[in-house]
Amino acid sequence: MNYIYTVAYTLRDSEGRVIDTNEGREPFQFVSGRNEVIPGFEREVSSMAVGEEKTFTLPPGEAYGERREELIETLPRQYFQGVELQKGGVLYGQTPDGQTIMVTVLDFNDETVTIDHNHPLAGKALTFTVKLLNKEEFNG
């Protein structure tokens with residue numbers, strides 16, 4: 001049985017800085033069992049009762065995974081013609097099979113561009129404060 005979970009959340013990094021929150025915005029919804037959220041988040045929320053609030057920290061393996069150095073590559077600058085590059089900037093592209101990918105620009109010069117295919121939060125422990133607002137059966 002899958003459920004639709006509705007939550008209010010705040011995500012912090014290991015220094016306590018807010019990375020993301022839906023405070024002051026619409027509640028966040030996801031359907032269990034569909035890989036719509038990171039595994040540890042779904043596990044923790046699924047153990048909560050409606051109205052419950054809790055704070056939990058996920059290690060990288062239960063969040064966006066460990067950083068993998070093999071996901072950093074340097075490409076010829078010509079592949080990026082017409083693209084405004086900025087260190088730390090995020091670029092979106094498509095794989096040959098049509099999937100959207102996101103990369104971070106690490107460095108560039110006149111000859112090459114170094115990009116990182118790791119998720120920006122890979123390798124980081126993440127702390128969530130979550131309040132479960134609603135849980136309903138999903139028949140879809």
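Fair warning: this is a prediction, and the values are worked out from it, not measured in the lab.
One hydrophobic cluster, built from ILVMFWY side chains closer than 4.5 Å, holds both Leu75 and Val83. Residues Val31 and Val130 are members of separate hydrophobic clusters, defined by side-chain heavy-atom contacts under 4.5 angstrom among Ile, Leu, Val, Met, Phe, Trp and Tyr. Residues Tyr79 and Val103 are members of one and the same hydrophobic cluster, defined by side-chain heavy-atom contacts under 4.5 angstrom among Ile, Leu, Val, Met, Phe, Trp and Tyr. Grouping the Ile, Leu, Val, Met, Phe, Trp and Tyr side chains by contacts below 4.5 angstrom, directly or via other members, places Phe56 with Ile19. Hydrophobic clustering of Ile, Leu, Val, Met, Phe, Trp and Tyr side chains at less than 4.5 Å, counting indirect connections, keeps Ile101 apart from Leu71.
When all heavy atoms of Glu44 and Ser47 are compared, the closest pair comes out as O-OG, 2.8 Å. Between Tyr92 and Thr100, the shortest heavy-atom distance links the atoms CD2-CG2, 4.3 Å. Considering every non-hydrogen atom in both Glu136 and Asn134, the closest pair reads OE1-ND2, 3.1 Å. In terms of heavy-atom proximity, Leu121 sits nearest to Leu11 at CD1-CD2, 4.2 Å.
There is no side-chain donor-acceptor pair under 3.5 Å between Thr129 and Lys54. Judged by distance alone, the side chains of Asn139 and Glu137 never bring a donor and an acceptor atom under 3.5 Å apart.
Between Ile38 and Leu58, some side-chain heavy-atom pair lies under the 4.5 Å cut-off. Looking at Arg67 and Asp116, their side chains come closer than 4.5 Å, going by heavy atoms from C-beta outward. Phe80 is listed as a side-chain neighbour of Leu85, based on a closest heavy-atom distance under 4.5 Å. At a threshold of 4.5 Å between non-hydrogen side-chain atoms, the residues Val105 and Val90 do not count as touching.
Using modelled atom types, no side-chain atom of Asn118 and backbone atom of Ala122 make a donor-acceptor pair closer than 3.5 Å. With hydrogens and angles disregarded, no donor-acceptor distance shorter than 3.5 Å links the side chain of Asn22 to the backbone of Arg25. Side chain of Arg77 to backbone of Asn109: a donor-acceptor contact under 3.5 angstrom is found. A donor-acceptor pair is defined here as one N or O able to donate and one able to accept, closer than 3.5 Å; no such pair exists between the side chain of Arg34 and the backbone of Phe30. No donor-acceptor pair closer than 3.5 Å links the side chain of Glu42 to the backbone N or O of Val37. Thr112 places no side-chain N or O within donor-acceptor distance of the main-chain N or O of Thr74, the cut-off being under 3.5 Å.
Between the NZ atom in Lys87 and the OG1 atom in Thr104 there is a gap of 14.0 Å [rounded to 0.5 Å]. Once rounded to the nearest 0.5 Å, the distance linking CD1 of Ile115 with CG of Asp107 reads 12.5 Å. Annotation: the span from Thr127 atom OG1 to Arg17 atom CZ amounts to 12.0 Å, rounded to 0.5 Å. Rounded to the nearest 0.5 Å, atoms CG (Asp20) and OG1 (Thr10) are 8.5 Å apart. The structure places CD1 of Ile72 at 9.5 Å from NE2 of His117, a figure rounded to the nearest 0.5 Å.
Tyr5 pairs in a side chain to side chain contact (heavy atoms under 4.5 Å, CB included) with only one of the listed residues (Gln29, Glu36, Lys135), which is Lys135.
Ring planes of Phe41 and Tyr9: perpendicular class, angle over 60° (limits at 30 and 60°).
Residue Glu70 qualifies as enclosed at atom CD: its count of foreign heavy atoms under 6.0 Å is above 12.
Ion pairing between a basic and an acidic side chain is recognised when a charged N comes within 4.0 Å of a carboxylate O; Lys131 and Glu52 show no such pairing.
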Check the pair Tyr3, Phe138 against ring pair (Phe, Tyr, Trp, His ring centres under 6.0 Å), reporting the backbone distance first and the verdict last.
-> CA-CA 5 Å; Tyr3 294 92; Phe138 178 75; 9.9 Å; no
